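Remember, it's a predicted structure, so these values are computed and weren't measured experimentally.
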Amino acid sequence: MKQPTEKHVLIYGDVFVDYIATDETNTEFATFLGGATVNVAAGVSRLGAKSSLITISGDDEGSRVSFEELKREGVDLTYAVHSSDKKVNGVYVHLTSDHDRVFAKYVDDTPDLQVEPSDLQETAFLDASILHICSGTMFQPTALETTKRAVELAKSANVLLSFDPNIRPLRWESEEICRQTILPFIEQTDLLKLTEEELCFLMETEEVEVGLAKLAAYGVPVVMLTLGAHGTLAIIDGVQQHVGVKAIEPVDTTGAGDAFIAGVLREIQMNGKPETTDEWLEIISFGNQMGALCALKPGALSAMPHANELGGL
């Protein structure tokens with residue numbers, strides 16, 4: 001591996017409050033700070049690496065509480081933006097009998113207040129080793145343009161681009177708009193994390209192998225297809241290898257994918273970009289472990305593993 005870097009993992013996305021059902025009746029909810037990019041930012045920080053979050057906040061109580069918690073988590077908010085009228089987003093998460101989660105309803109009172117492309121500071125990208133994005137804000141025109149600009153700045157600074165589409169159909173006007181918005185980013189991605197469902201959705205197929213064959217045309221150097229309890233299928237320079245994970249009894253899988261990618265990004269940040277397939281497989285195995293640790297606790301951000309839990313499986 002290359003030498004470790006003192007730079008940060010730079011992450012762009014919205015802050016959410018997760019209202020997570022306390023049981024499978026989905027009638028009572030516990031409140032947690034969340035959102036995929038928030039979970040990853042905090043997850044990276046909890047594991048001892050530096051993370052910075054580009055987001056937007058307001059003067060509402062949800063924004064104040066969220067930012068206070070992010071600061072406690074050690075997430076750098078130097079590049080965050082403030083708008084007095086912005087209100088924090090919310091999402092109601094239902095649980096199934098298999099302890100899986102379903103995103104049932106979004107609450108977004110100020111969808112048009114977003115980080116503007118002009119808000120992005122070049123210094124943030126010059127000081128980054130990785131830029132991590134999701135599709136969670138891409139349905140909004142301003143946020144889409146901001147994401148495009150962030151990718152441009154990352155590429156010009158030779159920053160590794162990590163992309164977890166993290167598709168939430170309820171947020172999009174149509175499946176086709178969602179698909180056609182996301183695919184151009186995959187063409188630029190260095191490190192792609194997908195679920196089987198997301199792969200099949202994006203590649204318009206019901207068969208995983210067909211989806212993988214179609215995805216190969218995009219030439220992504222490293223693809224990580226997460227398989228839940230079955231670990232991860234890693235595709236590195238076109239070669240598939242399975243990376244297993246120790247079996248657990250999950251309590252709540254909310255945020256497990258975010259913990260996985262946080263683990264992967266943490267390893268790259270602390271140890272440098274892998275130069276061999278074996279090094280990539282070690283990093284992905286570490287990510288699997290972080291996802292499993294997260295699934296042993298309720299919540300999302302609250303369940304992100306800490307550095308002192310490493311080796312806990």
- Query: Within the distance-only criterion (no hydrogens, no angle test), does the side chain of Lys87 pair as donor or acceptor with the backbone N or O of Thr110 below 3.5 angstrom?
  - Reply: no
- Are side-chain heavy atoms of Ile235 and Met224 found at a separation under 4.5 Å? no
- In terms of hydrophobic clusters joined by side-chain contacts under 4.5 Å, are Val223 and Ile133 together? yes
- Message: Would you compute the distance between atom CZ of Phe260 and atom CG of Leu293 and round it to the nearest 0.5 angstrom?
- Response: 13.5 Å
- Item | Under 3.5 Å: donor-acceptor pair, side chain of Glu198, backbone of Thr195 | yes
- Query: Could you state the interatomic distance from CZ (Phe16) to CG (Asn89), rounded to the nearest 0.5 Å?
  - Reply: 4.5 Å
- Query: Mind checking whether Ile56 and Tyr12 sit in one hydrophobic cluster, side chains of I, L, V, M, F, W, Y counted as touching below 4.5 Å?
  - Reply: yes
- Task: Evaluate the side chain to side chain contact (heavy atoms under 4.5 Å, CB included) criterion for residues Thr181 and Trp172: first the C-alpha distance (whole Å), next the side-chain angles of each, then the deciding distance (0.1 Å), finally the verdict.
- Result: CA-CA 10 Å; Thr181 301; Trp172 293 87; 3.7 Å; yes
- Message: I'd like to know if the side chain of Asp23 pairs up with that of Thr25 as donor and acceptor (distance under 3.5 Å, no hydrogens or angles considered).
- Response: yes
- Item | Check: Val102 and Val93 side chains under 4.5 Å, non-hydrogen atoms | no
- Is a donor on one side and an acceptor on the other found under 3.5 Å between the side chain of Thr205 and the backbone of Val210? no
- Item | Side chain proximity check, Thr276 to Pro274, heavy atoms < 4.5 angstrom | no
- Task: Would you sort out whether Ile186 and Leu183 count as a side chain to side chain contact (heavy atoms under 4.5 Å, CB included), showing the intermediate values?
- Result: CA-CA 5 Å; Ile186 290 180; Leu183 290 176; 4.1 Å; yes
- Item | Donor-acceptor contact below 3.5 Å, side chain Asp164 vs main chain Leu192 | no
- Does a donor on one side chain sit under 3.5 Å from an acceptor on the other, for His82 and Ser57? no
- Do any N or O atoms from the side chain of Gln121 and from the backbone of Thr123 form a donor-acceptor pair under 3.5 angstrom? no
- Task: Output yes when a side-chain donor or acceptor of Ser63 lies under 3.5 Å from a complementary backbone atom of Gly58, and no otherwise.
- Result: yes
- Here the pair of heavy atoms bringing Leu265 nearest to Val9 is CD1-CG1, 4.1 Å
- Item | Side chains of Thr277 and Val239 in contact at under 4.5 Å (non-hydrogen atoms) | no
- Does any non-hydrogen side-chain atom of Leu202 lie less than 4.5 Å from one of Leu194? yes
- Could you state whether Leu227 and Met203 fall into the same hydrophobic cluster, counting links through intermediate Ile, Leu, Val, Met, Phe, Trp or Tyr residues with side-chain heavy atoms under 4.5 angstrom apart? yes
- Counting only heavy atoms not in Asn158, do more than 12 sit closer than 6.0 Å to its CG atom? no
- Exercise: identify the closest heavy-atom pair between Val159 and Ala128: CG2-O, 3.4 Å
- Query: Taking a hydrophobic cluster as the set of Ile, Leu, Val, Met, Phe, Trp and Tyr residues connected by side-chain heavy atoms closer than 4.5 Å, whether directly or through intermediates, do Val88 and Val107 fall within one such cluster?
  - Reply: yes
- Message: Using 30° and 60° as the class boundaries, would you call the ring planes of Tyr92 and Tyr19 parallel, tilted or perpendicular?
- Response: parallel
- Considering all heavy atoms of both residues, which atom of Lys86 and which atom of Asp60 are nearest to each other, and what is their separation? O-OD1, 3.1 Å
- Task: Would you kindly confirm whether Val75 and Val44 end up in one hydrophobic cluster when ILVMFWY residues are joined by side chain heavy atoms under 4.5 Å apart?
- Result: yes
- Query: Going from CZ on Phe185 to SG on Cys134, what distance comes out if it is rounded to the nearest 0.5 angstrom?
  - Reply: 12.0 Å
- Query: Can you check whether Glu24's main-chain N or O pairs, donor with acceptor, with Asn26's side chain at less than 3.5 Å?
  - Reply: yes
- Between CD of Glu175 and CZ of Phe201, what distance do you get to the nearest 0.5 Å? 4.5 Å
- Hey, are the side chains of Ile261 and Asn39 touching, using non-hydrogen atoms and a 4.5 Å cut-off? no
- Lys71/Glu68 salt bridge by N-O under 4.0 Å criterion: no
- Item | Evaluation steps, side chain to side chain contact (heavy atoms under 4.5 Å, CB included), between Val222 and Trp280 | CA-CA 9 Å; Val222 178; Trp280 274 114; 3.6 Å; yes
- Any chance CD of Glu122 has more than 12 other-residue heavy atoms, nucleotides or ligands included, within less than 6.0 Å? no
- Task: Go through Glu61 and Arg64 one step at a time and tell me if the salt bridge (charged side-chain N to carboxylate O under 4.0 Å, His left out) criterion holds.
- Result: CA-CA 5 Å; Glu61 183 179 358; Arg64 291 195 299 273; 5.4 Å; no
- Query: Given Glu309 and Lys297, is the salt bridge (charged side-chain N to carboxylate O under 4.0 Å, His left out) satisfied, shown in steps?
  - Reply: CA-CA 13 Å; Glu309 296 178 80; Lys297 302 176 185 177; 3.0 Å; yes
- Message: For the backbone of Ala41 and the side chain of Ser45, can you confirm whether one donor and one acceptor N or O come within less than 3.5 Å of each other?
- Response: no
- Provide the closest heavy-atom pair for Pro305 versus Met290 in the form atom of the first, atom of the second, distance. CG-O, 3.5 Å
- Message: A side-chain contact here means heavy atoms from C-beta on lying under 4.5 Å apart; do Leu281 and Ile236 qualify?
- Response: yes
- Message: Within a 6.0 Å radius of atom CD on Glu187, are there more than 12 heavy atoms belonging to other residues, nucleotides or ligands?
- Response: yes
- Message: Between the side chains of Lys155 and Asp190, is the shortest nitrogen-to-carboxylate-oxygen separation below 4.0 Å, so that they form an ion pair?
- Response: yes
- Item | Step-by-step side chain to side chain contact (heavy atoms under 4.5 Å, CB included) determination, Phe67 to Leu77 | CA-CA 8 Å; Phe67 266 49; Leu77 297 171; 3.5 Å; yes
- Message: Ring of Tyr106, cation from Arg171 - is the NZ or CZ under 6.0 Å from the centre and inside 45° of the axis?
- Response: yes
- Between the side chains of Thr78 and Asp76, does any donor sit under 3.5 Å from an acceptor? yes
- Considering all heavy atoms, the nearest His132-Phe163 contact: ND1-N, 4.3 Å
- Message: Between Asn288 and Thr232, do the side chains contain a donor N or O and an acceptor N or O under 3.5 Å apart?
- Response: yes
- Task: Nearest 0.5 Å please: distance from the OG atom of Ser66 over to the CG atom of Leu301.
- Result: 10.0 Å
- Query: If you measure from CD on Gln240 to CG on Leu233, what distance do you get to the nearest 0.5 Å?
  - Reply: 5.0 Å
- Message: Can you give me the closest heavy-atom contact between Ala36 and Asn166, atom names plus distance?
- Response: CB-OD1, 3.7 Å
- Message: I'd like to check Thr55 versus Val81 (side-chain heavy atoms, cut-off strictly below 4.5 Å). Are they in contact?
- Response: no
- Are any side-chain N or O atoms of Thr253 and backbone N or O atoms of Ala256, one a donor and one an acceptor, separated by less than 3.5 Å? no
